[in-house]
Protein chains: 2
Amino acid sequence: MAMSSERYSQTPLFVRAEVVIFTILGDRLGLLLGKRGRPPDRGRWALPGGFVPIDEDLESSALRKLRENTVASGVYLEQLYTFGSPDRDPRGRVISVAYYALIPADPAKQTSGHGQGRDAGWFTIDGLPELALDHADIVAKARRRLVSKLDYSTIALQLLPKTFTLRELQDVYEILLGAPLDKRNFRKWVIAMAQLEETGGERRDGPHRPAKLYRHRFPGQVAFFR
Amino acid sequence: MAMSSERYSQTPLFVRAEVVIFTILGDRLGLLLGKRGRPPDRGRWALPGGFVPIDEDLESSALRKLRENTVASGVYLEQLYTFGSPDRDPRGRVISVAYYALIPADPAKQTSGHGQGRDAGWFTIDGLPELALDHADIVAKARRRLVSKLDYSTIALQLLPKTFTLRELQDVYEILLGAPLDKRNFRKWVIAMAQLEETGGERRDGPHRPAKLYRHRFPGQVAFFR
DNA sequence: CCAAAAGTGTTCACCGTACACCCATGA
DNA sequence: TCATGGGTGTACGGTGAACACTTTTGG
């Protein structure tokens, strides 16, 4: 049986789940990192993650990591890619099944830098510290995946509360795409594409005209086309 | 350390690579299966795959399985998804990193049914036998992925030889999409989209006008947009 | 009344789609 | 000459892109 290669090696085999937890931090895309407390790369910042218990489902494991690190619930979580180069982790053969999650923007964590204490914090994606192991590759891949889904899915809604203004939604797109969008064209397009409807309420902030609030017509679902 | 869960369990942990090897069989999408020679699901048809040796890269392992089962070289191979439900395999905790591969159509295997002997063979995707374990899920996911890439990539070219006629390429699209396409519109679209150029040669088969041969302008690359 | 953000329509270019006939070949 | 598949163009509607002014509010 092909398992026999195990017998000729003392290299231990592990499976981990790592989660790229994205959110909107002010006017930037942000993600959550934790500081490693032990080797390898002790003291470096790393993605939330952990070894998958032998009887726990991969996605459950990722979800648990998500919950251990945030207060979010009902959050978007998607498997991203599995990283398994033999030499990516000095502890042995470590297979990391990477996920990414989207957390609604929350003014509470808009304080850039670190928002959760000395060994965990939110960082903006263009101001990341050097990451442990190959976590920079994981982050890059997650970011590409997220951006590529913008124009044929409603995934961006997962980065906002259940109700939001069109300006807020446009901000999310502009942050992710890194380019400004035309307000009128964006509104026409996104209302139709994402099936948005007005809630009737409005948001007033500052000495401005209040903005209408919108919601997804089918809340709880992420619509995809293609 | 979270590895400790290992100590409290005698369930063995394995990592496997499985490969969905697609090709064109006549006028159908086909894939390669092997008959399992041992439990679990002994005697059932299953995807080519195997346990990943402790020092072999995941993709190398998938590529090796591909080469063990076909004579193809320079073949498209892409990681698909990782399947890891705790109860998906009775041998223990088995994490299967699934890949899919595309093999150019080859008249030699156009004999439907089984083309490689009693315990390996090509099957058309709509005439699959009952598959071992959760391999039907893997196949379904691979098929969706392949089809979804048709209209923003040149991936379909990987199912044809280096030179091909536009009719052959249209056949591939129609087989995968399950719907007929307009010949004139398809040609205009695909020549521009996939950057095709005439080779100068032509293919003559039967009492018909010979068809021009085309090739990808940048051979060896799979162009993606978005 | 002023500053600041919300909200709104039209025009144009391009692209995807529908659609039918002639051409080249070997038998 | 005939059967078979190869090859080609045009008209139309819809969609993405460019573009500027009025409205509403709190201070």
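Every chain is numbered from 1 and lettered A, B, ... according to where its sequence line falls, protein lines coming before strand lines.
Near DNA chain D, meaning a heavy atom under 4.0 Å away, the residues from residues 178-207 of chain A are A:D182, A:R184, A:N185, A:K188, A:R204, A:G206, A:P207.
Between A:E202 and A:K212, none of the side-chain N atoms (NZ, or NE/NH1/NH2) sits under 4.0 Å from a carboxylate O, so this pair counts as no salt bridge. The pair B:D171-B:R167 meets the salt-bridge criterion, with a side-chain N (NZ, NE, NH1 or NH2) lying under 4.0 Å from an Asp/Glu carboxylate O. Look at A:K149 and A:E78 and you find a salt bridge, because one of the NZ, NE, NH1 or NH2 atoms lies within 4.0 Å of a carboxylate O, short of that distance. The pair A:K188-A:D182 does not meet the salt-bridge criterion, since no charged nitrogen lies less than 4.0 angstrom from a carboxylate oxygen.
One can place CZ of B:R209 at 7 Å from P of C:dT25, the figure rounded to the nearest angstrom. Counting to the nearest Å, the P atom of C:dG16 and the CG atom of B:L150 are 15 Å from each other. Rounded to a whole Å, the NE2 atom of A:H208 is 17 Å from the C1' atom of D:dT22. Rounded to whole angstrom, the span from the CG atom of A:L169 across to the C1' atom of C:dG7 amounts to 16 Å. One can place CD of A:Q170 at 14 Å from P of C:dT8, the figure rounded to the nearest angstrom.
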**Request:** Apply ring pair (Phe, Tyr, Trp, His ring centres under 6.0 Å) to the pair A:F164 and A:Y214, showing each step before the final yes or no.
**Result:** CA-CA 5 Å; A:F164 48 86; A:Y214 286 77; 7.1 Å; no
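In this structure, B:F218 and B:H216 have perpendicular ring planes: the angle between them is above 60°, well past the 30° mark.
In this model, the phosphate group of C:dT25 is not approached by any side-chain N or O of B:K212 to a distance below 4.0 Å at OP1 or OP2.
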